[in-house]
S.K.: 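Here it is, the structure, as C-alpha coordinates.
Side chains are part of it too, since the values below use all heavy atoms of this structure and drop only hydrogens, waters and symmetry mates. In what follows, chains carry the letters A, B, and so on, assigned in the order in which the sequence lines appear, proteins first and then strands, with residues in each chain numbered from 1. Keep in mind it's a predicted model, so treat the numbers as computed, not measured.
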There are 2 protein chains.
Amino acid sequence: MTSSEAIEGRSPGLRERKKAKTRAAIQQAAMRLFRERGYDGATVEDIAEAAEVSPSTFFRYFPTKEDVVLRDDYDELLLEVFLAQPPDLTPLQAARAALHSIGGVADALSPEERELERLRMAMTFTVPEVRARWINELVRAFRTLAEGVAARAGRPADDVRVRTFVGAVIGVMLVAMEPLVEDPTREWTEFLPAIDEALGYLEQGLPL
Amino acid sequence: MTSSEAIEGRSPGLRERKKAKTRAAIQQAAMRLFRERGYDGATVEDIAEAAEVSPSTFFRYFPTKEDVVLRDDYDELLLEVFLAQPPDLTPLQAARAALHSIGGVADALSPEERELERLRMAMTFTVPEVRARWINELVRAFRTLAEGVAARAGRPADDVRVRTFVGAVIGVMLVAMEPLVEDPTREWTEFLPAIDEALGYLEQGLPL
DNA sequence: CTTCCATCCGATAGTAACTATCATGGAAGT
DNA sequence: ACTTCCATGATAGTTACTATCGGATGGAAG
(Lines give C-alpha, C1' and ligand atoms only; values in the text may rest on other atoms or scores of the structure.)
Protein backbone atom coordinates (compact mmCIF):
# COMPACT_ATOMS: atom_id res chain seq x y z
CA MET A 1 0.00 0.00 0.00
CA THR A 2 2.69 2.54 0.99
CA SER A 3 5.47 3.61 -1.30
CA SER A 4 7.93 1.41 0.54
CA GLU A 5 6.02 -1.72 -0.33
CA ALA A 6 5.90 -0.66 -3.93
CA ILE A 7 9.63 -1.24 -4.28
CA GLU A 8 9.37 -4.72 -2.86
CA GLY A 9 11.69 -7.21 -4.44
CA ARG A 10 14.71 -5.03 -3.88
CA SER A 11 17.09 -5.49 -0.94
CA PRO A 12 14.68 -6.30 1.86
CA GLY A 13 15.82 -3.65 4.30
CA LEU A 14 17.61 -4.10 7.58
CA ARG A 15 14.48 -5.05 9.50
CA GLU A 16 13.56 -7.93 7.22
CA ARG A 17 17.11 -9.20 7.17
CA LYS A 18 17.26 -9.21 10.95
CA LYS A 19 14.03 -11.11 11.10
CA ALA A 20 15.27 -13.75 8.71
CA LYS A 21 18.44 -13.99 10.76
CA THR A 22 16.71 -14.53 14.09
CA ARG A 23 14.37 -17.04 12.50
CA ALA A 24 17.29 -19.02 11.15
CA ALA A 25 19.14 -18.71 14.47
CA ILE A 26 16.18 -20.13 16.36
CA GLN A 27 15.70 -22.99 13.95
CA GLN A 28 19.39 -23.90 13.89
CA ALA A 29 19.74 -23.72 17.66
CA ALA A 30 16.63 -25.88 18.03
CA MET A 31 17.78 -28.54 15.61
CA ARG A 32 21.19 -28.67 17.21
CA LEU A 33 19.73 -29.14 20.67
CA PHE A 34 17.26 -31.72 19.37
CA ARG A 35 20.09 -33.69 17.87
CA GLU A 36 22.10 -33.52 21.07
CA ARG A 37 19.39 -34.13 23.66
CA GLY A 38 16.32 -35.25 21.75
CA TYR A 39 13.09 -33.38 21.23
CA ASP A 40 11.80 -33.59 24.77
CA GLY A 41 15.24 -32.96 26.20
CA ALA A 42 15.31 -29.41 24.89
CA THR A 43 12.72 -27.01 26.26
CA VAL A 44 11.64 -23.87 24.47
CA GLU A 45 13.47 -21.91 27.12
CA ASP A 46 16.68 -23.80 26.32
CA ILE A 47 16.27 -23.11 22.62
CA ALA A 48 15.58 -19.43 23.18
CA GLU A 49 18.63 -19.14 25.37
CA ALA A 50 20.83 -20.93 22.83
CA ALA A 51 19.54 -18.64 20.08
CA GLU A 52 20.01 -15.60 22.33
CA VAL A 53 16.43 -14.45 22.20
CA SER A 54 13.65 -14.38 24.75
CA PRO A 55 11.05 -17.16 24.93
CA SER A 56 8.49 -14.59 23.81
CA THR A 57 10.40 -14.13 20.61
CA PHE A 58 10.52 -17.85 20.01
CA PHE A 59 6.74 -17.99 19.94
CA ARG A 60 6.56 -14.93 17.72
CA TYR A 61 8.47 -16.82 15.05
CA PHE A 62 7.09 -20.32 15.62
CA PRO A 63 3.54 -20.65 16.94
CA THR A 64 4.33 -24.02 18.50
CA LYS A 65 7.44 -25.99 19.34
CA GLU A 66 6.45 -28.56 16.74
CA ASP A 67 6.52 -25.98 13.96
CA VAL A 68 10.29 -25.71 14.22
CA VAL A 69 10.49 -29.27 12.98
CA LEU A 70 7.57 -29.35 10.62
CA ARG A 71 8.55 -26.70 8.12
CA ASP A 72 8.75 -28.76 4.94
CA ASP A 73 9.28 -27.61 1.38
CA TYR A 74 9.10 -31.02 -0.25
CA ASP A 75 5.34 -31.14 -0.61
CA GLU A 76 5.38 -27.92 -2.53
CA LEU A 77 8.30 -29.06 -4.64
CA LEU A 78 6.71 -32.40 -5.39
CA LEU A 79 3.51 -30.69 -6.49
CA GLU A 80 5.44 -28.33 -8.73
CA VAL A 81 7.27 -31.17 -10.42
CA PHE A 82 4.04 -33.11 -10.75
CA LEU A 83 2.36 -30.22 -12.54
CA ALA A 84 5.33 -29.83 -14.87
CA GLN A 85 4.99 -33.35 -16.27
CA PRO A 86 3.95 -33.68 -19.93
CA PRO A 87 0.17 -33.52 -20.23
CA ASP A 88 -0.20 -36.74 -22.20
CA LEU A 89 0.71 -38.82 -19.14
CA THR A 90 -2.07 -40.17 -16.98
CA PRO A 91 -2.11 -38.70 -13.48
CA LEU A 92 -0.61 -41.86 -12.04
CA GLN A 93 2.16 -41.90 -14.60
CA ALA A 94 2.81 -38.25 -13.89
CA ALA A 95 3.02 -39.00 -10.17
CA ARG A 96 5.54 -41.73 -10.73
CA ALA A 97 7.60 -39.54 -13.04
CA ALA A 98 7.53 -36.71 -10.49
CA LEU A 99 8.81 -39.08 -7.84
CA HIS A 100 11.77 -40.03 -10.00
CA SER A 101 12.78 -36.41 -10.61
CA ILE A 102 12.51 -35.51 -6.96
CA GLY A 103 14.85 -38.30 -6.03
CA GLY A 104 17.50 -36.56 -8.10
CA VAL A 105 16.88 -33.29 -6.30
CA ALA A 106 17.39 -34.94 -2.93
CA ASP A 107 20.62 -36.56 -4.08
CA ALA A 108 22.06 -33.15 -4.89
CA LEU A 109 21.93 -31.96 -1.29
CA SER A 110 25.07 -31.40 0.76
CA PRO A 111 25.83 -33.94 3.49
CA GLU A 112 24.83 -31.52 6.25
CA GLU A 113 21.55 -30.74 4.55
CA ARG A 114 20.90 -34.43 4.08
CA GLU A 115 21.57 -35.12 7.73
CA LEU A 116 19.30 -32.25 8.74
CA GLU A 117 16.53 -33.54 6.52
CA ARG A 118 16.96 -37.01 7.92
CA LEU A 119 16.68 -35.72 11.46
CA ARG A 120 13.60 -33.70 10.59
CA MET A 121 11.95 -36.69 8.99
CA ALA A 122 12.88 -39.00 11.85
CA MET A 123 11.35 -36.64 14.39
CA THR A 124 8.28 -36.14 12.24
CA PHE A 125 7.61 -39.84 12.33
CA THR A 126 8.71 -40.77 15.83
CA VAL A 127 8.01 -37.88 18.21
CA PRO A 128 4.32 -38.28 19.01
CA GLU A 129 3.50 -34.58 19.30
CA VAL A 130 5.22 -33.74 16.05
CA ARG A 131 3.69 -36.65 14.20
CA ALA A 132 0.31 -35.55 15.48
CA ARG A 133 0.67 -32.02 14.18
CA TRP A 134 2.00 -33.34 10.91
CA ILE A 135 -1.48 -34.36 9.86
CA ASN A 136 -2.17 -30.70 9.14
CA GLU A 137 0.57 -30.73 6.53
CA LEU A 138 -1.03 -33.81 5.04
CA VAL A 139 -4.37 -32.07 4.70
CA ARG A 140 -2.68 -29.13 3.06
CA ALA A 141 -0.85 -31.46 0.68
CA PHE A 142 -4.09 -33.22 -0.11
CA ARG A 143 -5.82 -29.98 -1.05
CA THR A 144 -3.09 -28.67 -3.31
CA LEU A 145 -2.56 -32.02 -4.96
CA ALA A 146 -6.30 -32.27 -5.60
CA GLU A 147 -6.21 -28.95 -7.42
CA GLY A 148 -3.29 -30.09 -9.52
CA VAL A 149 -4.91 -33.37 -10.46
CA ALA A 150 -8.18 -31.61 -11.20
CA ALA A 151 -6.47 -29.22 -13.56
CA ARG A 152 -4.80 -32.13 -15.32
CA ALA A 153 -7.98 -34.16 -15.62
CA GLY A 154 -10.16 -31.23 -16.64
CA ARG A 155 -12.48 -31.79 -13.70
CA PRO A 156 -13.42 -29.71 -10.66
CA ALA A 157 -11.22 -30.15 -7.59
CA ASP A 158 -14.12 -31.49 -5.52
CA ASP A 159 -14.95 -34.18 -8.07
CA VAL A 160 -15.36 -37.56 -6.40
CA ARG A 161 -12.98 -39.28 -8.74
CA VAL A 162 -10.32 -36.64 -8.30
CA ARG A 163 -10.60 -36.82 -4.53
CA THR A 164 -10.54 -40.59 -4.58
CA PHE A 165 -7.44 -40.60 -6.71
CA VAL A 166 -5.62 -38.22 -4.41
CA GLY A 167 -6.70 -40.07 -1.29
CA ALA A 168 -5.49 -43.38 -2.66
CA VAL A 169 -2.13 -41.96 -3.76
CA ILE A 170 -1.45 -40.26 -0.45
CA GLY A 171 -2.57 -43.30 1.50
CA VAL A 172 -0.27 -45.50 -0.51
CA MET A 173 2.68 -43.16 -0.07
CA LEU A 174 2.08 -43.05 3.66
CA VAL A 175 2.10 -46.78 4.19
CA ALA A 176 5.11 -47.15 1.92
CA MET A 177 7.05 -44.79 4.18
CA GLU A 178 5.79 -46.27 7.41
CA PRO A 179 8.90 -48.44 7.98
CA LEU A 180 10.64 -45.15 8.80
CA VAL A 181 8.93 -45.25 12.18
CA GLU A 182 10.72 -48.43 13.09
CA ASP A 183 14.08 -47.40 11.76
CA PRO A 184 14.48 -43.60 11.79
CA THR A 185 18.11 -43.81 10.73
CA ARG A 186 17.11 -44.54 7.16
CA GLU A 187 16.53 -41.75 4.67
CA TRP A 188 13.20 -41.24 2.99
CA THR A 189 14.75 -41.41 -0.45
CA GLU A 190 15.38 -45.09 0.17
CA PHE A 191 11.66 -45.60 -0.04
CA LEU A 192 11.14 -44.09 -3.46
CA PRO A 193 11.33 -47.50 -5.19
CA ALA A 194 8.82 -48.91 -2.71
CA ILE A 195 6.44 -46.03 -3.38
CA ASP A 196 6.87 -46.53 -7.08
CA GLU A 197 6.08 -50.21 -6.78
CA ALA A 198 3.00 -49.44 -4.68
CA LEU A 199 1.75 -46.90 -7.23
CA GLY A 200 2.16 -49.60 -9.84
CA TYR A 201 -0.20 -51.90 -7.95
CA LEU A 202 -2.63 -49.03 -7.69
CA GLU A 203 -2.53 -48.66 -11.44
CA GLN A 204 -3.37 -52.33 -11.85
CA GLY A 205 -6.44 -52.02 -9.64
CA LEU A 206 -4.88 -53.43 -6.47
CA PRO A 207 -4.22 -57.07 -7.37
CA LEU A 208 -4.07 -59.49 -4.48
CA MET B 1 -1.36 -65.98 37.92
CA THR B 2 -3.20 -65.80 41.26
CA SER B 3 -6.30 -67.79 42.04
CA SER B 4 -8.49 -64.70 41.74
CA GLU B 5 -7.52 -64.21 38.12
CA ALA B 6 -8.25 -67.84 37.42
CA ILE B 7 -11.98 -67.24 37.96
CA GLU B 8 -11.99 -64.29 35.62
CA GLY B 9 -15.15 -63.91 33.64
CA ARG B 10 -17.31 -64.14 36.74
CA SER B 11 -18.81 -61.09 38.48
CA PRO B 12 -15.89 -58.67 38.39
CA GLY B 13 -15.78 -57.79 42.10
CA LEU B 14 -16.57 -54.51 43.77
CA ARG B 15 -13.28 -52.89 42.91
CA GLU B 16 -13.62 -53.47 39.18
CA ARG B 17 -17.21 -52.31 39.19
CA LYS B 18 -16.26 -49.08 40.92
CA LYS B 19 -13.53 -48.48 38.39
CA ALA B 20 -15.90 -48.96 35.49
CA LYS B 21 -18.32 -46.60 37.19
CA THR B 22 -15.83 -43.78 37.71
CA ARG B 23 -14.58 -44.20 34.19
CA ALA B 24 -18.08 -43.82 32.82
CA ALA B 25 -18.79 -40.91 35.15
CA ILE B 26 -15.72 -39.06 33.92
CA GLN B 27 -16.52 -39.67 30.29
CA GLN B 28 -20.15 -38.65 30.63
CA ALA B 29 -19.33 -35.53 32.60
CA ALA B 30 -16.73 -34.61 30.02
CA MET B 31 -19.02 -35.07 27.04
CA ARG B 32 -21.77 -33.10 28.74
CA LEU B 33 -19.44 -30.19 29.44
CA PHE B 34 -18.00 -30.37 25.94
CA ARG B 35 -21.46 -30.14 24.48
CA GLU B 36 -22.35 -27.20 26.69
CA ARG B 37 -19.15 -25.16 26.51
CA GLY B 38 -17.08 -26.69 23.75
CA TYR B 39 -13.85 -28.63 24.06
CA ASP B 40 -11.62 -25.74 25.10
CA GLY B 41 -14.31 -24.31 27.34
CA ALA B 42 -14.09 -27.22 29.76
CA THR B 43 -10.81 -27.74 31.57
CA VAL B 44 -9.75 -31.05 33.04
CA GLU B 45 -10.32 -29.52 36.46
CA ASP B 46 -13.92 -28.70 35.51
CA ILE B 47 -14.50 -32.23 34.27
CA ALA B 48 -12.99 -33.79 37.38
CA GLU B 49 -15.15 -31.61 39.58
CA ALA B 50 -18.29 -32.45 37.62
CA ALA B 51 -17.48 -36.15 37.88
CA GLU B 52 -16.68 -35.75 41.60
CA VAL B 53 -13.13 -37.04 41.36
CA SER B 54 -9.76 -35.38 41.72
CA PRO B 55 -7.80 -34.21 38.66
CA SER B 56 -5.25 -36.90 39.50
CA THR B 57 -7.90 -39.54 39.03
CA PHE B 58 -8.91 -38.08 35.69
CA PHE B 59 -5.42 -38.68 34.34
CA ARG B 60 -5.33 -42.17 35.80
CA TYR B 61 -8.26 -43.13 33.61
CA PHE B 62 -7.46 -41.06 30.54
CA PRO B 63 -3.81 -40.36 29.80
CA THR B 64 -4.71 -37.18 27.92
CA LYS B 65 -7.73 -34.94 27.64
CA GLU B 66 -8.10 -35.97 24.02
CA ASP B 67 -8.51 -39.62 24.93
CA VAL B 68 -11.90 -38.93 26.46
CA VAL B 69 -13.14 -38.10 22.99
CA LEU B 70 -11.12 -40.56 20.96
CA ARG B 71 -12.27 -43.87 22.39
CA ASP B 72 -13.81 -45.48 19.34
CA ASP B 73 -15.19 -48.98 18.93
CA TYR B 74 -16.14 -48.68 15.29
CA ASP B 75 -12.75 -49.59 13.90
CA GLU B 76 -12.79 -52.85 15.78
CA LEU B 77 -16.37 -53.55 14.75
CA LEU B 78 -15.67 -52.78 11.12
CA LEU B 79 -12.72 -55.13 11.13
CA GLU B 80 -14.79 -57.88 12.70
CA VAL B 81 -17.52 -57.56 10.11
CA PHE B 82 -14.92 -57.41 7.37
CA LEU B 83 -13.39 -60.69 8.50
CA ALA B 84 -16.81 -62.32 8.69
CA GLN B 85 -17.52 -61.80 5.00
CA PRO B 86 -17.70 -64.92 2.79
CA PRO B 87 -14.22 -65.91 1.67
CA ASP B 88 -15.01 -66.00 -2.03
CA LEU B 89 -15.31 -62.22 -2.16
CA THR B 90 -12.29 -60.18 -3.19
CA PRO B 91 -10.94 -57.96 -0.40
CA LEU B 92 -12.47 -54.90 -2.00
CA GLN B 93 -15.85 -56.57 -2.34
CA ALA B 94 -15.60 -57.68 1.27
CA ALA B 95 -14.82 -54.13 2.33
CA ARG B 96 -17.85 -52.77 0.51
CA ALA B 97 -20.08 -55.48 1.97
CA ALA B 98 -18.76 -54.76 5.47
CA LEU B 99 -19.57 -51.10 5.02
CA HIS B 100 -23.16 -51.93 4.16
CA SER B 101 -23.66 -54.07 7.25
CA ILE B 102 -22.15 -51.50 9.54
CA GLY B 103 -24.59 -48.91 8.30
CA GLY B 104 -27.36 -51.10 9.69
CA VAL B 105 -25.64 -51.33 13.05
CA ALA B 106 -25.42 -47.56 13.28
CA ASP B 107 -29.08 -47.16 12.40
CA ALA B 108 -30.06 -49.32 15.37
CA LEU B 109 -28.62 -46.88 17.92
CA SER B 110 -30.83 -44.90 20.26
CA PRO B 111 -31.20 -41.16 19.56
CA GLU B 112 -28.99 -40.24 22.54
CA GLU B 113 -26.28 -42.63 21.42
CA ARG B 114 -26.49 -41.27 17.91
CA GLU B 115 -26.15 -37.71 19.16
CA LEU B 116 -23.19 -38.69 21.32
CA GLU B 117 -21.49 -40.39 18.40
CA ARG B 118 -22.14 -37.38 16.24
CA LEU B 119 -20.58 -35.08 18.81
CA ARG B 120 -17.59 -37.38 19.18
CA MET B 121 -17.08 -37.48 15.45
CA ALA B 122 -17.52 -33.74 15.07
CA MET B 123 -14.90 -33.03 17.70
CA THR B 124 -12.56 -35.62 16.23
CA PHE B 125 -12.59 -33.77 12.95
CA THR B 126 -12.76 -30.15 14.08
CA VAL B 127 -10.85 -29.72 17.35
CA PRO B 128 -7.22 -29.48 16.22
CA GLU B 129 -5.69 -31.24 19.21
CA VAL B 130 -8.12 -34.12 19.00
CA ARG B 131 -7.77 -34.47 15.27
CA ALA B 132 -4.02 -34.52 15.71
CA ARG B 133 -4.08 -37.36 18.22
CA TRP B 134 -6.55 -39.22 16.08
CA ILE B 135 -3.78 -40.23 13.72
CA ASN B 136 -2.71 -42.80 16.29
CA GLU B 137 -6.07 -44.53 15.97
CA LEU B 138 -5.56 -44.50 12.22
CA VAL B 139 -2.24 -46.26 12.54
CA ARG B 140 -3.79 -48.85 14.80
CA ALA B 141 -6.64 -49.38 12.35
CA PHE B 142 -4.15 -49.73 9.55
CA ARG B 143 -2.24 -52.46 11.37
CA THR B 144 -5.25 -54.56 12.31
CA LEU B 145 -6.82 -54.17 8.89
CA ALA B 146 -3.56 -55.27 7.30
CA GLU B 147 -3.60 -58.46 9.32
CA GLY B 148 -7.16 -59.14 8.31
CA VAL B 149 -6.48 -58.58 4.64
CA ALA B 150 -3.34 -60.66 4.83
CA ALA B 151 -5.23 -63.57 6.33
CA ARG B 152 -7.83 -63.31 3.57
CA ALA B 153 -5.29 -63.10 0.78
CA GLY B 154 -3.05 -65.81 2.17
CA ARG B 155 -0.08 -63.45 2.29
CA PRO B 156 2.06 -62.09 5.13
CA ALA B 157 0.84 -58.87 6.75
CA ASP B 158 3.94 -56.97 5.67
CA ASP B 159 3.50 -57.91 2.03
CA VAL B 160 3.80 -54.87 -0.21
CA ARG B 161 0.55 -55.56 -1.99
CA VAL B 162 -1.36 -56.04 1.22
CA ARG B 163 0.00 -52.80 2.64
CA THR B 164 -0.73 -50.94 -0.55
CA PHE B 165 -4.27 -52.21 -0.57
CA VAL B 166 -4.88 -51.13 3.01
CA GLY B 167 -3.25 -47.74 2.50
CA ALA B 168 -5.38 -47.03 -0.54
CA VAL B 169 -8.61 -48.08 1.16
CA ILE B 170 -7.96 -46.02 4.26
CA GLY B 171 -6.85 -43.02 2.23
CA VAL B 172 -10.00 -43.22 0.17
CA MET B 173 -12.23 -43.51 3.22
CA LEU B 174 -10.55 -40.51 4.77
CA VAL B 175 -11.06 -38.18 1.86
CA ALA B 176 -14.62 -39.39 1.44
CA MET B 177 -15.36 -38.33 5.02
CA GLU B 178 -13.46 -35.06 4.82
CA PRO B 179 -16.60 -32.95 4.17
CA LEU B 180 -17.42 -33.62 7.83
CA VAL B 181 -14.83 -31.00 8.72
CA GLU B 182 -16.83 -28.31 6.98
CA ASP B 183 -20.20 -29.41 8.28
CA PRO B 184 -19.86 -31.21 11.63
CA THR B 185 -23.62 -31.40 12.09
CA ARG B 186 -23.87 -34.22 9.58
CA GLU B 187 -23.55 -37.83 10.68
CA TRP B 188 -20.84 -40.06 9.33
CA THR B 189 -23.35 -42.64 8.15
CA GLU B 190 -24.42 -40.14 5.50
CA PHE B 191 -21.07 -40.71 3.87
CA LEU B 192 -21.33 -44.45 3.47
CA PRO B 193 -22.64 -44.17 -0.11
CA ALA B 194 -19.81 -41.80 -0.97
CA ILE B 195 -17.25 -44.23 0.45
CA ASP B 196 -18.85 -47.04 -1.48
CA GLU B 197 -18.67 -45.07 -4.69
CA ALA B 198 -15.03 -44.21 -4.03
CA LEU B 199 -14.14 -47.86 -3.38
CA GLY B 200 -15.77 -48.64 -6.70
CA TYR B 201 -13.41 -46.28 -8.51
CA LEU B 202 -10.54 -47.92 -6.69
CA GLU B 203 -11.68 -51.27 -8.00
CA GLN B 204 -11.65 -49.92 -11.53
CA GLY B 205 -8.06 -48.74 -11.24
CA LEU B 206 -8.86 -45.09 -10.55
CA PRO B 207 -10.39 -43.92 -13.84
CA LEU B 208 -10.08 -40.23 -14.56
C1' DC C 1 19.70 15.39 11.49
C1' DT C 2 15.62 15.36 14.03
C1' DT C 3 11.08 13.93 14.78
C1' DC C 4 7.59 10.79 14.77
C1' DC C 5 5.44 6.38 14.07
C1' DA C 6 5.13 1.61 13.50
C1' DT C 7 6.78 -2.49 15.08
C1' DC C 8 9.92 -5.57 17.21
C1' DC C 9 11.52 -7.20 21.53
C1' DG C 10 12.03 -8.54 26.48
C1' DA C 11 9.93 -8.94 30.96
C1' DT C 12 6.33 -10.22 33.74
C1' DA C 13 2.36 -12.62 35.13
C1' DG C 14 -0.89 -16.02 34.31
C1' DT C 15 -3.30 -20.46 32.50
C1' DA C 16 -3.80 -25.30 31.54
C1' DA C 17 -2.19 -29.84 30.64
C1' DC C 18 0.29 -32.94 32.48
C1' DT C 19 3.92 -35.64 36.05
C1' DA C 20 5.85 -37.40 40.49
C1' DT C 21 5.35 -38.51 45.01
C1' DC C 22 3.31 -39.75 49.28
C1' DA C 23 -0.08 -40.72 52.86
C1' DT C 24 -4.57 -42.73 53.61
C1' DG C 25 -8.53 -45.48 53.54
C1' DG C 26 -10.96 -49.16 51.81
C1' DA C 27 -11.08 -53.79 49.12
C1' DA C 28 -9.24 -58.49 48.78
C1' DG C 29 -6.88 -62.58 50.23
C1' DT C 30 -5.76 -65.56 54.48
C1' DA D 1 -9.10 -60.13 62.30
C1' DC D 2 -4.95 -59.07 60.00
C1' DT D 3 -2.26 -57.90 56.37
C1' DT D 4 -1.37 -56.93 51.82
C1' DC D 5 -2.74 -54.41 47.80
C1' DC D 6 -4.32 -50.59 45.34
C1' DA D 7 -7.30 -46.72 44.07
C1' DT D 8 -7.60 -42.11 45.54
C1' DG D 9 -6.58 -37.21 46.82
C1' DA D 10 -3.42 -33.73 47.99
C1' DT D 11 0.60 -31.31 47.00
C1' DA D 12 4.25 -29.45 44.42
C1' DG D 13 6.48 -28.92 40.17
C1' DT D 14 7.38 -28.69 34.98
C1' DT D 15 6.38 -27.06 30.38
C1' DA D 16 4.03 -25.18 26.52
C1' DC D 17 1.70 -21.29 25.52
C1' DT D 18 -0.99 -16.44 26.02
C1' DA D 19 -1.66 -11.55 27.22
C1' DT D 20 0.04 -7.30 28.17
C1' DC D 21 3.05 -3.49 28.58
C1' DG D 22 7.02 -0.35 28.45
C1' DG D 23 11.16 0.45 26.11
C1' DA D 24 14.32 0.24 22.17
C1' DT D 25 14.93 0.58 17.18
C1' DG D 26 14.32 0.86 12.15
C1' DG D 27 12.33 3.70 8.68
C1' DA D 28 9.99 7.46 6.46
C1' DA D 29 8.98 12.52 6.44
C1' DG D 30 10.22 17.15 7.36
S.K.: Report the base-pairing partner of D:dG30 (Watson-Crick or G-U wobble, both distances below 3.5 angstrom), or none.
M.R.: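 For D:dG30, the partner nucleotide comes out as C:dC1, under the 3.5 Å rule.
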
S.K.: Measure across A:G148 and A:L83 and return the closest heavy-atom pair with its distance rounded to 0.1 Å.
M.R.: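 For A:G148 versus A:L83, the nearest heavy atoms are CA-CD2, 3.5 Å.
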
S.K.: Send over the distance from A:K21 NZ to D:dG26 P, rounded to a whole Å.
M.R.: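 About 13 Å, once rounded to whole Å.
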
S.K.: Among C:dC8, C:dA16, C:dC18, find the nucleotide with the atom closest to the side chain of B:T43.
M.R.: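 My answer, after comparing the listed nucleotides, is C:dA16.
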
S.K.: From the list D:dT15, C:dT19, C:dG10, which nucleotide is the closest neighbour of the side chain of A:S54?
M.R.: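 Closest nucleotide to the A:S54 side chain: C:dG10.
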
S.K.: Please give, in whole Å, the distance from D:dA10 C1' to B:E52 CD?
M.R.: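 Atom-to-atom, B:E52 to D:dA10, this comes out as 18 Å.
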
S.K.: From C:dC18, C:dA17, D:dT18, pick the nucleotide closest to the side chain of A:F59?
M.R.: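 Selected nucleotide (nearest to the side chain): D:dT18.
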
S.K.: Out of D:dC17, D:dA10, C:dA27, which has the shortest distance to the side chain of A:E66?
M.R.: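 From the listed options, D:dC17 comes nearest.
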
S.K.: Which sits closer to the 5' end of DNA chain D, A:L14 or B:K19, going by the nucleotide each is nearest to?
M.R.: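 It is B:K19, whose closest nucleotide lies nearer the 5' terminus.
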
S.K.: Does a donor on one side chain sit under 3.5 Å from an acceptor on the other, for A:T144 and A:E147?
M.R.: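 No - no donor-acceptor pair under 3.5 Å links their side chains.
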
S.K.: When you measure from the centre of the six-membered ring of B:Y201, is the NZ or CZ of A:R163 closer than 6.0 Å and no more than 45° off the axis?
M.R.: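 No, cation not above the ring by the 6.0 Å, 45° rule.
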
S.K.: Tell me whether the side-chain N/O atoms of B:T57 come closer than 4.0 Å to OP1 or OP2 in D:dG9.
M.R.: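 Answer yes for this pair, as a side-chain N or O of B:T57 is under 4.0 Å from OP1 or OP2.
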
S.K.: Under 4.0 Å: is that the gap between some side-chain N or O of A:K18 and OP1 or OP2 of C:dC8?
M.R.: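 No, A:K18 has no side-chain N/O under 4.0 Å of OP1/OP2 on C:dC8.
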
S.K.: Output yes when A:R37 and A:D46 qualify as a salt bridge under the 4.0 Å nitrogen-oxygen rule, no when they do not.
M.R.: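 Salt bridge: yes.
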
S.K.: From CZ of B:R60 over to P of D:dG9, roughly how many Å is that when rounded to an integer?
M.R.: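 It works out to 8 Å between those atoms.
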
S.K.: Please tell me if A:K65 has a side-chain N or O lying less than 4.0 Å from either OP1 or OP2 of D:dT15.
M.R.: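 Checking D:dT15 against A:K65, no side-chain N or O comes under 4.0 Å of OP1 or OP2.
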
S.K.: Ignoring backbone atoms, test whether A:Y61 places a side-chain nitrogen or oxygen under 4.0 Å from the OP1 or OP2 oxygen of C:dC8.
M.R.: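 No, no such contact exists.
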
S.K.: Has the side chain of A:R17 got a donor or acceptor atom sitting under 3.5 Å from an opposite partner on the base of D:dG26?
M.R.: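 Between D:dG26 and A:R17, which were checked side chain against base, a qualifying N/O pair under 3.5 Å is absent.
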
S.K.: Students often mix this up, so state it plainly: with edges at 30° and 60°, are the rings of A:Y74 and A:W188 parallel, tilted or perpendicular?
M.R.: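 Aromatic pair A:Y74/A:W188 classed perpendicular.
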
S.K.: Specify the separation, in whole Å, of atom CD of A:E129 and atom P of D:dA16.
M.R.: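 So the CD-P distance, A:E129 to D:dA16, works out to 8 Å.
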
S.K.: For B:P63 and for A:T22, find the nucleotide of DNA chain C with the closest heavy atom, then tell me which residue's nucleotide is more 5'.
M.R.: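 It is A:T22 whose nearest nucleotide is closer to the 5' end.
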
S.K.: Would you mind reading off the distance between A:R23 atom CZ and C:dC8 atom C1', rounded to a whole angstrom?
M.R.: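 One finds 15 Å between C1' of C:dC8 and CZ of A:R23, rounded.
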
S.K.: Using atom CD1 of A:I26 as one end and atom P of C:dC8 as the other, report the distance to the nearest whole Å.
M.R.: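 Going from A:I26 (CD1) to C:dC8 (P), I get 13 Å.
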
S.K.: Give the nucleotide from the list C:dA20, D:dC17, D:dG27 with an atom nearest to the side chain of A:R15.
M.R.: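 Of the options given, the side chain of A:R15 lies nearest D:dG27.
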
S.K.: What is the distance, to the nearest angstrom, from the CD atom on A:E16 to the P atom on D:dA28?
M.R.: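 Going from CD in A:E16 over to P in D:dA28 covers 11 Å.
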
S.K.: In whole angstroms, how far is the C1' atom of D:dC17 from the CZ atom of A:R133?
M.R.: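 A:R133 atom CZ is separated from D:dC17 atom C1' by 10 Å.
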
S.K.: Pairing donors with acceptors under 3.5 angstrom, does anything connect the side chains of B:E45 and B:T43?
M.R.: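 Side-chain D/A pair, B:E45 to B:T43: absent.
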
